[in-house]
Structure formats: C-alpha cells, structure tokens
Amino acid sequence: MSNITKKVSWSSRGDELGAAGEGTPLLNGSEQPRHSRQFSEGGSLFQIGRLSTVDLEEEISAEEEAARGQPREIPHNEKLLSLKYESLDYDNIENQLFLEEERRMSFTGFRCLEISRWLICGLIGLLTGLIACVIDIVVEKLAGYKYEAIKQNIERFTEVGGLSISLILWAVLNFSFVMVGSILVAFFEPVAAGSGIPQIKCYLNGVKVPRVVRLKTLVVKVCGVICSVVGGLAVGKEGPMIHSGAVVAAGVSQGRSTTLKKDLMIFEYFRRDTEKRDFVSAGAAAGVSAAFGAPVGGVLFSLEEGASFWNQMLTWRIFFASMISTFTLNFVLSIYHNNTGDLSNPGLINFGRFESENLNYNLYEIPLFIAMGAIGGVLGALFNVLNYWLTIFRIRYVHRPCLQVMEAMLVAAVTATVSFTMIYFSNDCQPLDSEHAEEYPLQLFCADGEYNSMATTFFNTPERSVRSLFHNQPGTWNPLTLGLFTLTYFFLACWTYGLAVSAGVFIPSLLIGAAWGRLCGIWLASIASAGSIWADPGKYALIGAAAQLGGIVRMTLSLTVILVEATGNVTYGLPIMLVLLTAKIVGDYFQEGLYDIHIKLQSVPFLHWEAPATSHWLTAREVMSSPVTCLNRIEKVGTIVDVLSNTSTNHNGFPVVMQVSDNDEPAKLCGLILRSQLIVLLKHKVFVELAGSRLSRRKLQLKDFRDAYPRFPPIQSIHVSQDERECLMDLTEFMNPTPYTVPQETSLPRVFKLFRALGLRHLVVVDDANRVIGLVTRKDLARYHLGKYGLEELHLAQT
Amino acid sequence: MGFSGCQQKSPRRLVMSPRGSLLFFILFLINIYAFVNCDAGTSLASGEQVESPSLAWYPSSPADSFVPLSLMSSFPEDLEISNYCLELLGLFSQRYSDYVKCLVPAARPVRVCLKCYSGYGSLLNAYTNISSNQMGPGNESCRDSLLRSDRLMLVYVLFSNMQDLWEKSNCDFCITEKFQNVNNETLNFMKNLNQTLSCFEKYQQGNHTELCKNCKSSYKGLNELYSKMEKTLCIDVEDAMNMTRILWSKNFNCSLPRDETVPVIAVSSFMLFLPVIFYLSSFLHSEQKKRKLIQPKRLKSYTSLMNIQDKQS
C-alpha cells in the first residue's frame, strides 16, 4: 500500500517538472519543446541519480555537489518557494534584558500600555477612514471631470461626425491616468500592485513580505488606486483599502516613520513583530470596514485571514478600530455632501438599501439561489484559471517595469475602446427617468429624451454601475445588453487583475455577478406567471454578485457578513451564505481562490491551517535543515561576522551551543539568537574585551534593539576592524535561553501545529542528549503540499 | 334641546345596530359631535342608551325597525353646523367641481397646469377659508366641524387629492405666484413649441427628410430652450416636449444616423491589435525569467524523498 503511494509521488516529481513545460502550451508556444527537453533532462538525470544511489551514499553526495556548483535554472512556476520571504518573529524572546525590563516596569506601566493600545486602535480607525475619504472624494471629482469632458465631446461629434475622435480622446484619457498609476507602482513600489489582500494575508500568516507596510507603499497605493479607477480600468478601490489600513496600523503603532526619519518617541514598547502584527490585523479590519461599511465583516476578515493569534481583548480592540474607521468615513463624507451628521454613507461602496416589498424572498427561491451559487463557482473558477495562466505569462515574460507600464496602458486603452464600441453599437435605448437620474447619460443615436442603456454600465465608475444594476427598476436593460456586458467585462476584469497597478478585484467581480444575476432575474420574470413580482431583477443581481465574488475570492464567513452589512438587510444573510457556500464548494473543485493562486505564484512560504494530509510518516528529521550553523556561547567576533556575511546561507537564527566541535558533531543546545540581535550587538560593540571600558558606558537595553527595528542594518554596513575580529562576544545575556525544541522523531503535522499555533520562526531539532541536529523553519514546512498525485515538495529558489 | 331640520348636505348617515350604539357612545365621548343622523329616531335603538343622560335626545325605539334613510331628522343646535360653515362648504363644492371639470379634458395632451391654474387657485382659496383658524361671524371656526369631525374627513381628503395632483405635476413652476398667470418662461416655450409644431404640420406631407431639414432649426431651438429651463418643469412643458421629441425621432425619423461605423471599427480594431503585438513581441524578445534553484541543506542520509525508499524496504 505505502509502496504504491510512494511510487506515485516519486513519479510525480517527474510529472511536475514536465508539466511546467507541457502544461503551458498557451504561453510557451513555439519555445515549448526546447524548455521541456531542457527540463526533463536536468530533472530526470537528477532524479535518477538520487534514485539509484539509495545505497551508494558517497556517490550521491558527489553528484549533488556538482549540481550545487552550477545551480539549475527553471522558468517560474507555482511550485517554488522564494528565499526573499522571511518569517516574522512572533515568539517573544525571553532573554535577560527582557526579564530586567519587566522587573523595572510598574503596574501603572502595564496599565498605560493597555490604554495606549486602545489609543492606537482608535488612531488606526481614524486615519484609515480619512484615507478612504480622500480616495473616494478624489476619485469622484476626477472621474466626474473625465466623464463630463468625454460626454461633451461625444455629444458634439454625434452631430457633426467624427466619433472616432471621441473614442481616441477616451482612450488617451484612460491611458494617461493609468500610465501615471502604473509608473508609480512599477518603478517605485512594486509591492503596491494588485489589491494587496494576498500580501496582507501573508503578513498575518507570519510572512515578512519586504516593504509591504512602509509609508512609501501607502502613498503609492493611494495614488495608484486613484489613477487606476479614474483611468477607467475594470477595478475597484475597495481591496487596496485593506492594504492601506494595514500600513497605517503598522506605521501608527510604531510611533515613527523610518522613511521620513521622524521618531515621535512614543509607543516604543510596540516596536517588535508580535505587537505590530496585532495592530496590522486591526488595520486590515479597519480597511475592510471603511471599504464596505462593514465593521463586523472587517473583524471577521482579520479573524479568517490571520486567526492564529487571537484573544478576546484583541478582538474587541479590532472591533473598536473598525467602528471608528467606518464612523470617520461616514462623518467626513456627510460633511462633504453638505448634510453634516447624516451618517448614511458607511462605506466606499454603497449597495443602497434593499428594503422594498418585492425584494423579500420566499422559500421556493432558495434552490434558485443555490443554483446561481453554483454558476458563480464555475465562472469564478474559469476567471481564476484564466488569470493563473496570464499571471504566469506575466511573471515569465513581462517582468521589466517599462513593459509592465506599457501593458497597463494598453489594457486601459483597450478597455476604453471596447466600452466605446459596445456603446456605439448598442441599440438599447431607455427613456430618461428623473428618479434614477443617470450620472452621465449618453444619447448617441437614441431618440431624443432617451439614453443609451449600455452607457449606464460602461460609461460610469464601476461602483455606480453596481449600484444601478442592483436598484434600477426592471426593464432598464434588455437582456442582450446585459449579456454582452457580462461577457466583455468578465474578460476585461480577468485581464486587468495582476497588472502593475494598484486595484482591487471586489468591485469587478460584483459587477460581473450583478450583470448575469440580473439577467437571471429577467429570465425568471419572463417564465414566471404574469403579474407575479417575486422575480425582481435587483434581488437576483445581488445574489449573482455574491455568487461571482464568492467564486473568485472564496472567502466564506467574512464575505457573507461583509455583503450582509453592505446591503443593510439582515434577512439576506441566509441566501448570501448559501450562495457563497455553494460557490466555494463548486469553485474549489476546479481551482483555488484567486488570492491563494497569487500567493502561490509569488512563491511565498505560506502555512495553511493544517499540515497536508498523509504527511504523518514524515518526521522532523526529514523535514529539518541540517547541518546547522551554531554559535558558541562566547564566540569570536570574526566568526560571527563571517557567518552573518555568508550570502549563500543568509540564516536568520543561530542556535547557541556550549562548544562547537570541529567535525560537525552536534553540540549541546543552550539558546537561540537572531541575526538582528547579533547585528545590534556588533553595532554597539558589546565585546568581552571592552567590558571594562563598558562600565563607563551604559548597559545595552532592550530599547537599543527596538530602536533598530524594523530595518536592521545589513552586516555589510557594520565595520569591524581586524583587531576587533579577535575579540569575543558573550551571547548569554541576549540569546533566548529557552527556545522551543522537538525530538527528531516528531511527525510533520505535530511540528506544523506547534509552528502555526505559536507563530514560531525557528524550531530546533535535538537528539536525546539535547544536542542540536537540525533546525526547522517556515520554508521547511511550507515546502510540502498535497498535489494531484500525493505529497509533493516545492523547490527553494532565488527570486 | 330641539332638533333642527334634516340637512341635505350632511355627508354622513349612520345606521346603527344595537352593537353600533355602544360604538356610537364611545365616539360621542371622544367628542365627535358633528354627527348628523337624519333618522336617529328609528335607526338608533337601544334600551340601555336611554339611561345615558348625554344621549337623552335619542328617543328609544324598537331595535329591529329600519326606516328608509331619506327620512332625516336633525341634531340639537349646539351640534349643528352653522350656516356660515355651510356656506363655505357650498363654495368649496362649487369650486371643486369646476376644477375637476377643467382637469379631466386636459388630461391628454397634458394641459392641467396651463388650463386649470385659476381653478386651482380659487379652490385653494375656498379650502383656506375652511381650514383657517379665523373665526366666522358667530365667533366660530369651521375647521373642526368641517374637516375633522369624522374618520372619513371627506373635505380634507378631496382637497389633498387635488393638492397631490398639483404638486406631482409641478405646476408651481409654470405659474406665477398667487395663480395670477402663466409665467414668462413657459409662455416663451409654448410660443416656440407652436412654431415647431406648425412647421411639422407644414412639411408633414410627403418626404420626411424635407421636414427634418427644414424644421431642424426650430426644433433645435426648442430643445435648447427646454434644456436651459430649470431642472424641474411642470408636466405640461415636459409632456409637450416629450411628444415633440417622439414626433421628431420616431414618427419623422429625424434621429442622427449611425454613419461612422467604418472609422470607429478601424480605430478600435487598431487598438485591439496593439496588445496582440505587445504580447507577441514580449514573448519573442523578452528573455524568460529563470529561477535559480537552491539545494537545501539536509541530513545526508535523508536527502529529500529518498527516505521513501528507506521506509518502503
């Protein structure tokens, strides 16, 4: 039995390598044969080597040395783990400095800390809300100018001829806005691309994504979102709010900005990963709540995405931040709309009120909703598959910033062109209605007093289109218009996501779903007996929107609550939940959620909730990295500098042992020290020889470590003279004397659970005499995943 | 306590059953005293009622006898409506029917504002007289007695219907204050409208292209005037414009033709072609990004999946 499994998984490695070449006919095209040949050669040779050398250990290692000498290169694929991602240090380092500080701290000190946590959460909410306001107002203004200009132009040219000039004007306007946004993202801060939700998910999972919570990222993100929404791309401004909230949280909680070189000397206690990560989850929640007016949904989002480290007080604080954020947005927008105090604009996207009589639903409609959920799941999976191939192509071929900018500009121009063509050839004319006044009605070739109904969906910001799909009365669109719109927007949105612009996928998904949902509603109304009003298109538009969004992002609990809160009607809880449930089940059958795909394609060592099934036979001994670079308790400075400067290893944590033996024999463990700590120690020259003179100097405190956080200088910037290299450093005081350890026979799921639940970064594997024989890190665990043919292993790669 | 004559105009008549009398008693207590029952003597029948001192003026009679309702009697004087109020009511009735008579023929094409504004003005006037707090000659107010004495509140409902109609049709925007006259803007519009319509009439026969060409300027002028007018317009203007537009666009088919299809298709296919070129060229010319694989450090005897073999054996 086990025999078979192993054989299968063994062969799967071959398949996996081959598949990268074969499975991408679309992308590799003519070059395909070459790749796959190259590939399978390297791959199979390697494997055969390994396979055959089960009992010839010496030879294997020789061959592997050779392989290591000239690293293999493969095209980017999803089965890689990138070296550039590191883990966050969620675990508290209980060294002597820490104990000392805790002793010094009074009871009031702890009280103050608690109060300042609340204060920070309030600030996070406030600032996130304000950022949302800025985005909303600027987008509204700029889009207003743009559409007004194009509308006038179109009106003029409809009469005298030359509509192709209007088309070019529209394309050029989109083009230029998107160019600005895309240049900002591609050249200044690539990590601000996309919605930012995958990145925040990774951060909350415990992965340090480089530069993800910096001020510069925030600025680029905000400007980029404004540009891409105004530029008419098929995107929304809601997803980026979550990222923005997270950056705000990370910034505020530190009380300083390294980018601006400003230190307010407050909140110094919170300058470590543990505290920062808690605040970041509050910021993400505040972002969700500002985007959708859904404070509870925000809290649940943080819970769903980063739930490993929760307690009741943290949840309560996060809820506080969410509430403050939605209230701030509400209040400022009420001032902006000249009715101060009217708190009816809770989020960036406003679904409007679902309260009319015929928006009630009946028991017999539930199966219809579930069927729509299934459609949403299928369409969502299709979206994700297309986007997956597109993203792989982009990573492999469109990786230079200037190409990325060009691509974004092309998408913008094509979006404008397609929209214009659709509007131009649409024959669907509807009478102007004073109640549902269209923002920018376009007449074109309609009779006077009528407007082109295709233009209500295309010639508008996506948020407004969603709202009009939900709320315009039956008969506003004819089915052909909606069908064409769904089709084009589906492909546009799919093409747009993953460009080097900052933009979210929530609104486009809602829009696609609302369009086909409304189509379903119209169809149902036409087959239902005349005079019945249960098949209200607006209601089905909402259900369709939920199904499509659920099918694409595959969020469950939080998305249900977000949508319920955004509609403001609790009775929709059940249908929305059922729809999302179905969409997720159906979608997962084909393909993962969009965010998970992007996390995978970024080669992030992401730890899921559980270790892959069927991995109990793997033990820590097989999982761990070995041999481990250890340091002595009293170590020569030269050795430390050498270890730290070794670029090929770039380790971050070093077990401290009693005495490193020369011949790689395991030595007894007595603590663990981090790279960042060593760097601070080197910087302050805490050498044993200088201990005498250090009496005059003050003793190193925890504050010194915090001051260097989070951007510890690289080892290259620390100058150590030749004399100093001969000095010794005593690590006893600084190391974590009680690191978590496991015996070497521990199974993978057990190690995994420990890692996930405690937020560990390093887990030392020891033998029965407490001697270090290996070290398990996040990448060692994340490499295993359950593929089609059983357990597969991901490769480590330099990216 | 005497009975006054039966009032022809009394709006209500109540036929009371034995149970109804109790209801009546309650109604009475809550001060609904404008209750005019012309046939109190016969329709009201309840033994208990007699004991109630406040209702002493109801003669008791057998419960089961129903007398034709046209036989009416009156209420005592202090419950009766004064002549002054009756006069007001009469005036209201007159004006109301005049206004309705004016409205109905003006339904299509809609001219409810322009034709009947004076009727509404006088109706409003009559109603204001009734509803005002002002005391009449006998130091009495007709407001309570005419408007609020019963749950039907006929006068009020009738009037508020008309008021709704007036407000819905936005007539205030066409009429000067105090319902004196049609305002200048509307007059101007109507003048233009007539010009346009007469132009339509002139060229209606024969080829419509002729009409489209010749009436274009006056139609354009009308359209511009219309869009320049205030945001809210009275229904007459709106409807007139709608009708003219339908005539113009649908009947005479003077809408703009879609005659630029070729350049639009050309430009858009050029645009759509660009990404194809872009992706092809970046696929062919851009060098594929390669990832360097890194061999992780492992226990030598446990390199990767080799242990599988070990475990098997």
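In what follows, chains carry the letters A, B, and so on, assigned in the order in which the sequence lines appear, proteins first and then strands, with residues in each chain numbered from 1.
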Quiz item: Is it the backbone or the side chain of A:L403 that comes under 4.5 Å from a heavy atom of chain B, or both, or neither?
Solution: both

Self-check item: Contact class of B:Y219 relative to chain A, heavy atoms under 4.5 angstrom
Solution: side chain

Self-check item: Toward chain B, the part of A:L83 with a non-hydrogen atom under 4.5 Å
Solution: side chain

Quiz prompt | Heavy-atom contact with chain B under 4.5 Å, split by part of A:L796 | solution = both

Practice problem: Go through the side-chain N and O atoms of A:E792 and A:Y784 and say whether any donor and acceptor fall under 3.5 Å apart. | Solution: no

Self-check item: A:E73 bridged to B:K289 by N-O distance under 4.0 Å
Solution: no

Self-check item: Heavy atoms of other groups near B:F273 CZ, more than 12 under 6.0 Å
Solution: no

Quiz item: Ring centres of B:Y117 and B:F179 under 6.0 Å apart?
Solution: no

Quiz item: With a 4.5 angstrom heavy-atom cut-off, which part of A:V418 approaches chain B: side chain, backbone, both or neither?
Solution: side chain

Exercise. Take B:M243 and B:L247, measure what side chain to side chain contact (heavy atoms under 4.5 Å, CB included) needs, and give me the verdict at the end.
Key: CA-CA 6 Å; B:M243 287 302 117; B:L247 270 180; 5.8 Å; no

Quiz prompt | Distance (rounded to the nearest 0.5 Å) between B:D236 CG and B:C116 SG | solution = 9.0 Å

Quiz item: Which answer fits A:F175, side chain, backbone, both or neither, if we ask what part of it has an atom under 4.5 Å from a heavy atom of chain B?
Solution: neither

Quiz item: Given a strict heavy-atom distance threshold of 4.5 Å, which part of B:I265 is in contact with chain A: side chain, backbone, both, or neither?
Solution: side chain

Quiz item: Given the options B:I246, B:T261, B:N242, B:L272, which has more heavy-atom pairs under 4.5 Å with chain A than any of the others?
Solution: B:T261

Practice problem: Could you give me the CA-CA distance, side-chain angles and deciding distance for B:C171 and B:C113, then say whether disulfide (SG to SG under 2.5 Å) is met? | Solution: CA-CA 5 Å; B:C171 286; B:C113 300; 1.8 Å; yes

Quiz item: Hey, are B:S122 and B:N125 close enough side-chain-wise for a donor-acceptor pair under 3.5 Å?
Solution: no

Self-check item: Region of A:E407 that comes under 4.5 Å of a non-hydrogen atom in chain B
Solution: both

Self-check item: Interface moiety of A:L167 toward chain B, non-hydrogen atoms closer than 4.5 Å
Solution: side chain

Exercise. Mind ranking A:H76, A:M406, A:R400 by heavy-atom pairs under 4.5 Å with chain B and telling me who comes out on top?
Key: A:H76

Quiz item: With a 4.5 angstrom heavy-atom cut-off, which part of A:T421 approaches chain B: side chain, backbone, both or neither?
Solution: side chain

Quiz prompt | Reported CE-to-CZ distance for the pair B:M271 and A:F420, which is rounded to 0.5 angstrom | solution = 10.5 Å

Quiz item: At a heavy-atom separation under 4.5 Å, does B:T244 approach chain A through its side chain, its backbone, both, or neither?
Solution: neither

